Enquirer: 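I have a structure here, written as structure tokens, and I will follow up with some questions on it.
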Amino acid sequence: MPELPEVEALRDFLDEHLAGKEIARVLPLAISVLKTYDPPLSALEGATVSSVARHGKFLDITAGGLHLLVHLARAGWVQWKDSVPEAPPRPGKGPLALRTVLTGGDGFDLTERGTTKRLAVHLVHDPADVPGVARLGPDPLADSFDRDACAAVLRGARRQIKGALRDQSLIAGIGNAYSDEILHVARMSPFKLTTALDEDDLTRVYDALRSTLEDAVARSRGIAAGRLKAEKKSGMRVHGRAGQPCPVCGDTVREVSYSDSSLQYCPTCQTGGKPLADRRLSRLLK
């Protein structure tokens, strides 16, 4: 799933390629992709893109006073086209979900692989009209999100630290992958309760959060959209690397599986050498 660093890189890429250009048409190709109907997508025809912003994992394309909000979910992606094919695409065929064409002939596609369709597009007058945006917590890379702000959020969470980092209403933009990475850098068990965090713990989590996300954004910036997924994977220390050696201590990276996801961690670095064999049976490690 694209998370804050990849979405920020896409924002940067799209802002460079879209700002100042006029939209010719926006074509929804998958029934499930469009979540709003008033205003209609036709309201964007002839509008000039003024900017592309980011709200957590949402992209926000502003044109003609309207906001085209895109959430890529788990399997969605952006594919830029220097020259969009003239023949209209056939709805329901392949991963193509929505196509945006500019008057210059270039544009972009939104695609989604797999059978579970969660890619979401909203056209609204105000980003806050989208419930997923309205409920977002603070952006972890904002200047105002300092160590004390982070500590206040985590102290009030009253849950396991891994879940707290992923909760979009607490902190916007962090998902399964970067929460694993942050906790590895912080040398902390994913099962540790936020209520058990002392001042040193809070400082370590904040420092790890900022450095992990800032480094990932820096690596992703300037990379073409088609290469961002590979860049994300190559920069991971533990996430997606179960069975491989930890790059810090050499211990084997372990995994805990859930019904629809999994987490990875290093026992030596994070849990005092104790493996978390099963989420339901393991003790909470501190």
Side-chain angles (χ1 to χ4, degrees), residues 1-9 57 74-75 77 113-114 140-141 150 154 159-167 171 173-194 196-198 200-224 226-286:
M1 176 184 289
E3 299 179 32
L4 186 155
E6 295 78 47
V7 179
E8 176 62 19
K57 300 178 190 177
R74 177 168 293 183
W77 201 246
R113 300 284 180 181
L141 294 185
C150 181
L154 295 178
R159 60 192 301 185
Q160 292 177 358
I161 183 64
K162 166 80 174 179
L165 290 174
R166 293 186 62 188
D167 188 334
I171 303 173
I174 300 172
N176 193 36
Y178 286 103
S179 57
D180 281 352
E181 295 299 295
I182 290 165
L183 292 173
H184 182 255
V185 174
R187 304 180 70 84
M188 186 173 296
S189 167
F191 290 174
K192 184 158 187 172
L193 293 175
T194 56
L197 298 174
D198 60 25
D200 178 64
D201 291 333
L202 291 165
T203 298
R204 284 192 290 119
V205 170
Y206 175 72
D207 289 345
L209 181 153
R210 290 294 293 229
S211 64
T212 299
L213 295 180
E214 287 173 351
D215 288 351
V217 169
R219 289 197 313 270
S220 299
R221 183 156 284 143
I223 294 177
R227 293 170 48 211
L228 281 172
K229 291 182 182 180
E231 173 57 36
K232 175 182 180 179
K233 185 175 181 180
S234 70
M236 293 290 154
R237 295 154 56 113
V238 292
H239 184 78
R241 300 186 72 248
Q244 300 180 47
C246 169
V248 174
C249 71
D251 194 1
T252 301
V253 174
R254 302 292 185 96
E255 179 174 273
V256 176
S257 297
Y258 299 82
S259 60
D260 61 350
S261 66
S262 62
L263 66 82
Q264 288 82 40
Y265 68 99
C266 170
T268 295
C269 291
Q270 296 175 252
T271 61
K274 302 175 184 178
L276 305 177
D278 186 280
R279 181 184 67 88
R280 295 163 296 179
L281 301 178
S282 297
R283 291 183 177 181
L284 298 176
L285 299 181
K286 300 181 180 180

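What you see is a predicted model, and the numbers here were worked out from it, not measured in a lab.
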Enquirer: What pair of heavy atoms forms the shortest contact from Ser262 to Asp180, and how long is it?
Expert: O-OD2, 4.4 Å

Enquirer: Any idea which heavy atoms bring Ala9 and Ser220 closest together, and the distance?
Expert: CB-CB, 3.7 Å

Enquirer: Between Gln270 and Met188, is any pair of side-chain heavy atoms under 4.5 Å apart?
Expert: no

Enquirer: Check Lys57 against Gly175 and note the closest heavy-atom contact, atom names and distance.
Expert: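 For Lys57 and Gly175, the tightest heavy-atom pair comes out as NZ-CA, 3.7 Å.
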
Enquirer: Considering only heavy atoms from C-beta outward, does the side chain of Asp201 approach that of Ile161 to under 4.5 Å?
Expert: no

Enquirer: Taking C-beta and beyond as the side chain, do Pro5 and Leu213 meet within less than 4.5 Å on heavy atoms?
Expert: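 Yes, close enough: below the 4.5 Å cut-off.
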
Enquirer: Restricting to salt bridge (charged side-chain N to carboxylate O under 4.0 Å, His left out), what partner residues turn up for Arg221, sequence neighbours left out?
Expert: Glu8, Asp12

Enquirer: Drop me the distance from Leu165's CG to Cys150's SG, to the nearest 0.5 angstrom.
Expert: 7.5 Å

Enquirer: Sequence neighbours left out, what passes side-chain contact (heavy atoms from CB on, under 4.5 Å) with Cys246? Give chain and number order.
Expert: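 In terms of side-chain contact (heavy atoms from CB on, under 4.5 Å), with neighbours along the sequence ignored, Cys246 is linked to His184, Val248, Cys249, Val253, Cys266, Cys269.
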
Enquirer: Could you tell me which non-hydrogen atom of Ala208 sits nearest to which non-hydrogen atom of Ser211, and how far apart they are?
Expert: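 Looking at all heavy atoms of both residues, the closest pair is O-OG, 3.2 Å.
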
Enquirer: Evaluate the side-chain proximity of Leu183 to Val238: yes if any heavy-atom separation is below 4.5 Å, no if none is.
Expert: no

Enquirer: What salt bridge (Lys or Arg N to Asp or Glu O under 4.0 Å) pairs are there with at least one residue in residues 208-218, not counting sequence neighbours?
Expert: Arg210-Glu214

Enquirer: Rounded at 0.5 Å granularity, tell me how far CG in Leu193 sits from CG in Leu154.
Expert: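 Here the rounded value is 12.5 Å.
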
Enquirer: For Ser261 versus Asn176, what's the shortest heavy-atom pair and its separation?
Expert: CB-ND2, 4.2 Å

Enquirer: Only counting residues at least two apart or in another chain, list the ones meeting salt bridge (charged side-chain N to carboxylate O under 4.0 Å, His left out) with Asp167.
Expert: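 Listed in chain order: Arg159.
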
Enquirer: Holding to side chain to side chain donor-acceptor pair (under 3.5 Å), I want the full list of residues that pass it with Glu6, two or more places apart in sequence or in another chain.
Expert: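 Tyr178.
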
Enquirer: Hey, does the side chain of Tyr265 reach the backbone of Leu276 with a donor-acceptor pair shorter than 3.5 angstrom?
Expert: yes

Enquirer: How many angstroms lie between atom CZ of Arg166 and atom CD1 of Ile182, to the nearest 0.5 angstrom?
Expert: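 It comes to 12.0 Å.
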
Enquirer: Who pairs with Asp207 by side-chain contact (heavy atoms from CB on, under 4.5 Å), at least two apart in sequence or on another chain?
Expert: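 Partners of Asp207 under the side-chain contact (heavy atoms from CB on, under 4.5 Å) test: Thr203.
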
Enquirer: Can you name the side-chain contact (heavy atoms from CB on, under 4.5 Å) partners of Ala242, sequence neighbours left out?
Expert: Glu255, Gln264

Enquirer: Taking only residues two or more places apart in sequence or in another chain, which ones pass side chain to side chain donor-acceptor pair (under 3.5 Å) with Asp198?
Expert: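 In terms of side chain to side chain donor-acceptor pair (under 3.5 Å), with neighbours along the sequence ignored, Asp198 is linked to no residue.
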
Enquirer: Of all residues at least two apart in sequence or in a different chain, which pass the side chain to side chain donor-acceptor pair (under 3.5 Å) check with Arg219?
Expert: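 Result, side chain to side chain donor-acceptor pair (under 3.5 Å) vs Arg219: Glu231.
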
Enquirer: Compare every heavy atom of Arg74 with every heavy atom of Pro2, then report the nearest pair and how far apart it is.
Expert: CD-O, 4.1 Å

Enquirer: For Pro247, give me all partners under side-chain contact (heavy atoms from CB on, under 4.5 Å), at least two apart in sequence or on another chain.
Expert: Arg237, Arg241

Enquirer: How would you list, by chain and number, every residue that makes a salt bridge (charged side-chain N to carboxylate O under 4.0 Å, His left out) with Glu3, sequence neighbours excluded?
Expert: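 Partners of Glu3 under the salt bridge (charged side-chain N to carboxylate O under 4.0 Å, His left out) test: Lys232.
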
Enquirer: Nearest 0.5 Å please: distance from the CG atom of Leu263 over to the CD atom of Gln160.
Expert: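 Going from CG on Leu263 over to CD on Gln160, the span is 9.0 Å.
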
Enquirer: So how far is it from Thr212 OG1 to Leu4 CG, rounded to the nearest 0.5 Å?
Expert: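 So the gap between those two atoms works out to 12.0 Å.
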
Enquirer: Can you list everything that forms a side chain to side chain donor-acceptor pair (under 3.5 Å) with Arg254? Sequence neighbours excluded, please.
Expert: none

Enquirer: With rounding to the nearest 0.5 Å, note down the distance linking CD1 in Ile174 to NZ in Lys162.
Expert: 10.5 Å

